[in-house]
**Student:** 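The structure that follows is given in the form of structure tokens.
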Amino acid sequence: MICRACGRAGGRDDVVLDLGEQPITQHLPDPADPGPDPRAPLAMWCCRGCGLAQLAGEVDPGPEVVGVEPTAVRDLARSALADAGERGLLDGATVREFGSPHGGTWLDLLPGHRVVTDGVAEVVIDSLGLMHEPDQARAAGRLAAALAPDGTALVQFHDLAAIAEQRQWNALRHGHYAYYSATALVRLLGAAGLVPIHALRHDLYGGSVVLALRHRAAAHPLDGSVAELVARDAALGITEPAALAGMGAAAAESVRRLRRHLAARRAAGDRVVAYGAASRAVALFAMAGVGAGQVLAVGDASPGKQGRALPGSRIPVVAPERLADLAPDEVLVTIPELLVELAAARPELADRLVRLDRVDD
Ligand SMILES: [Zn+2]
């Protein structure tokens, strides 16, 4: 294992979470495909040189299926841009975005800026693009090279401090190469010449951050928000493998709880479906040995996922409006961010929604 950011070699002791061979999330099989679904090792390690938590191995997961993003993702984009605008960080005429291959963009929220797809811009947005790059150092360099000398980059990330504190072990997935703490991200982008001047925290995914950065020569801290995050990271020891040591036990506990829960539902004769054909359900269902006999279907609003199945568990993916036809007694919501909008869009199911990360018997 060679660090994707600093190039230091890692060893077995640096692995913080090892889920073994898991179905490749991006591969949503046709239900008629006899299988077996492709699997690859899924493990996270933490570099002792620069503190970056990262995916082990070099499996190319293939293209992402574009998903429908929760409205909470839009809320983060809106509040981050409002915050940046108030601080004068959106000055300039041009914007360039490094977006997530899962879909979603901030560009329509900046109608006054001309979009640049190649070359330099005064506002550069990375909305979960960077984490999808196997070579983190190179991607950081590309981000810095895209930023005009007096421009501002806004970089969104799911905070590793929140992942560690809430034991969100299933944030780990193929194709997500980096899991950033503010500290590790500041180091990574610092090596490319970018310096953070402000951080905005948001509760998306249990804890997200948008970091505003400028080239070193143009960077003056706006406030103590970045220092606060770095101090919190230090208190957690988040750049050390030990801070993430509880993740494996959390994964095992999630598997036990889900098995108990579904056994109890089955004993009661209840019909269970899920909502959200999301990556974090794939490994959990596969590890718990859940199949289409226990979870009848998973509803998802993305047309590209409907008619296919979750890899490993082979639970069929259907349009959300089909779920009610299955007369479910319970709907397992795979992403907490989807609870509110699902209750609003499908009021007939609102009284039977259960968070997948909170199941118990
Ligand atoms: Zn490193």
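Worth knowing before you read on, the calculation uses all heavy atoms, side chains too, and leaves out hydrogens, waters and symmetry mates.
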**Student:** Determine, stepwise, if the pair Asp135 / Arg142 fulfils salt bridge (Lys or Arg N to Asp or Glu O under 4.0 Å).
**Tutor:** CA-CA 11 Å; Asp135 186 337; Arg142 195 164 60 216; over 6 Å; no
**Student:** Locate the shortest heavy-atom distance separating Leu143 from Val155; write the atom from each residue and the value.
**Tutor:**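 Nearest heavy atoms, Leu143 then Val155: CD2-CG2, 3.8 Å.
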**Student:** Under 3.5 Å, is there a donor-acceptor pair linking the side chains of Thr152 and Arg214?
**Tutor:**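 The answer is yes; a qualifying pair exists.
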**Student:** I need the minimum non-hydrogen distance between Leu128 and Phe157, along with the two atoms involved.
**Tutor:**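 Heavy atoms only, the tightest pair is CD2-CA, 4.1 Å.
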**Student:** Is it the case that atom CZ in Arg167 sees more than 12 heavy atoms from other parts of the structure closer than 6.0 Å?
**Tutor:**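 Not buried by this count: 12 neighbours or fewer within 6.0 Å.
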**Student:** Okay, side chain of Gln294, backbone of Gly291: is any donor-acceptor separation there less than 3.5 Å?
**Tutor:**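 It does hold such a pair.
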**Student:** Go through Val73 and Glu337 one step at a time and tell me if the side-chain contact (heavy atoms from CB on, under 4.5 Å) criterion holds.
**Tutor:** CA-CA 9 Å; Val73 174; Glu337 280 69 21; over 6 Å; no
**Student:** What verdict does the side-chain contact (heavy atoms from CB on, under 4.5 Å) test give for His176 and Leu55, after you've listed the backbone C-alpha separation in whole Å, the side-chain angles of each residue and the deciding distance to 0.1 Å?
**Tutor:** CA-CA 7 Å; His176 287 181; Leu55 188 67; 5.9 Å; no
**Student:** Verify salt bridge (Lys or Arg N to Asp or Glu O under 4.0 Å) between Asp357 and Arg280, making sure each step is shown before the conclusion.
**Tutor:** CA-CA 10 Å; Asp357 62 342; Arg280 42 187 122 166; over 6 Å; no
**Student:** Apply side-chain contact (heavy atoms from CB on, under 4.5 Å) to Val331 and Val354, showing your working.
**Tutor:** CA-CA 6 Å; Val331 182; Val354 173; over 6 Å; no
**Student:** With heavy-atom distances below 4.5 Å as the criterion, would you say the side chains of Leu172 and Tyr179 are in contact?
**Tutor:**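 A side-chain contact under 4.5 Å exists here.
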**Student:** Between CG of Leu342 and CD1 of Ile335, what distance do you get to the nearest 0.5 Å?
**Tutor:**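 Leu342 CG to Ile335 CD1: 11.5 Å, rounded to 0.5 Å.
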**Student:** Do Gln156 and Ser208 meet the criterion of a side-chain donor-acceptor pair at a distance under 3.5 Å?
**Tutor:**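 Not at all, the side chains of Gln156 and Ser208 share no donor-acceptor pair under 3.5 Å.
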**Student:** Just list the side-chain donor-acceptor pairs under 3.5 Å for residues 316-328, sequence neighbours left out, or say none.
**Tutor:**
none

**Student:** When you measure from the side chain of Asp37 to the backbone of Pro23, do you find a donor-acceptor pair of N or O atoms at a distance under 3.5 Å?
**Tutor:**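 Checked: no pair found.
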**Student:** How far apart are the closest heavy atoms of Pro38 and His27, and which atoms are they?
**Tutor:**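 Heavy atoms of Pro38 and His27 come nearest at CD-CD2, 3.3 Å.
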**Student:** Would you say that more than 12 heavy atoms from the other residues, nucleotides or ligands in this model lie under 6.0 Å from the CZ of Arg114, or not?
**Tutor:**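 It does not: Arg114 CZ has 12 such atoms or fewer within range.
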**Student:** Is the side chain of Gln54 donor-acceptor paired with the backbone N or O of Cys3 at a distance under 3.5 Å, no angle test?
**Tutor:**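 Answer holds: no.
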**Student:** Salt bridge (Lys or Arg N to Asp or Glu O under 4.0 Å), that's the test. Do Arg308 and Asp300 meet it? Break it down for me.
**Tutor:** CA-CA 11 Å; Arg308 310 198 71 92; Asp300 196 287; over 6 Å; no
**Student:** Go through the side-chain N and O atoms of Arg173 and Gln22 and say whether any donor and acceptor fall under 3.5 Å apart.
**Tutor:**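 Looking only at side-chain atoms, Gln22 and Arg173 do not form any donor-acceptor pair under 3.5 Å.
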**Student:** Between Gln26 and His174 (side chain of the first, backbone of the second, donor and acceptor by atom type, cut-off under 3.5 Å), is there such a pair?
**Tutor:**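 Looks like yes, one N/O pair under 3.5 Å.
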**Student:** Would a 4.5 Å heavy-atom cut-off, applied to side chains only, mark Asp270 and Glu330 as touching?
**Tutor:**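 Asp270 vs Glu330: side chains apart.
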**Student:** Given salt bridge (Lys or Arg N to Asp or Glu O under 4.0 Å), test Asp14 with Arg48 step by step and report yes or no.
**Tutor:** CA-CA 8 Å; Asp14 305 323; Arg48 288 178 202 266; 2.3 Å; yes
**Student:** Between Tyr275 and Leu353, is any pair of side-chain heavy atoms under 4.5 Å apart?
**Tutor:**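 No, every pair of side-chain atoms sits at 4.5 Å or beyond.
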**Student:** Does Asp233 reach the main-chain N or O of Ala182 with its side chain, forming a donor-acceptor pair under 3.5 Å?
**Tutor:**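 The answer is yes, because a donor-acceptor pair under 3.5 Å joins these two groups.
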**Student:** Within a strict 4.5 Å, meaning less than it, do heavy atoms of the Leu109 and Arg78 side chains meet?
**Tutor:**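 Of all side-chain heavy-atom pairs linking Arg78 with Leu109, at least one is under 4.5 Å.
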**Student:** Backbone N or O of Asp360 within a donor-acceptor pair of the His261 side chain at under 3.5 Å?
**Tutor:**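 Yes.
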**Student:** Side-chain donor-acceptor pair under 3.5 Å between Gln136 and Tyr180, yes or no?
**Tutor:**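 Side-chain D/A pair, Gln136 to Tyr180: present.
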**Student:** Flag the pair Leu185 / Leu188 as yes when at least one side-chain heavy-atom distance between them is below 4.5 Å, and no otherwise.
**Tutor:**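 Of all side-chain heavy-atom pairs linking Leu188 with Leu185, at least one is under 4.5 Å.
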**Student:** For Ile197 and Leu89, run side-chain contact (heavy atoms from CB on, under 4.5 Å): C-alpha distance rounded to whole Å, both residues' side-chain angles, the deciding distance at 0.1 Å, then the answer.
**Tutor:** CA-CA 10 Å; Ile197 57 170; Leu89 301 178; 3.7 Å; yes
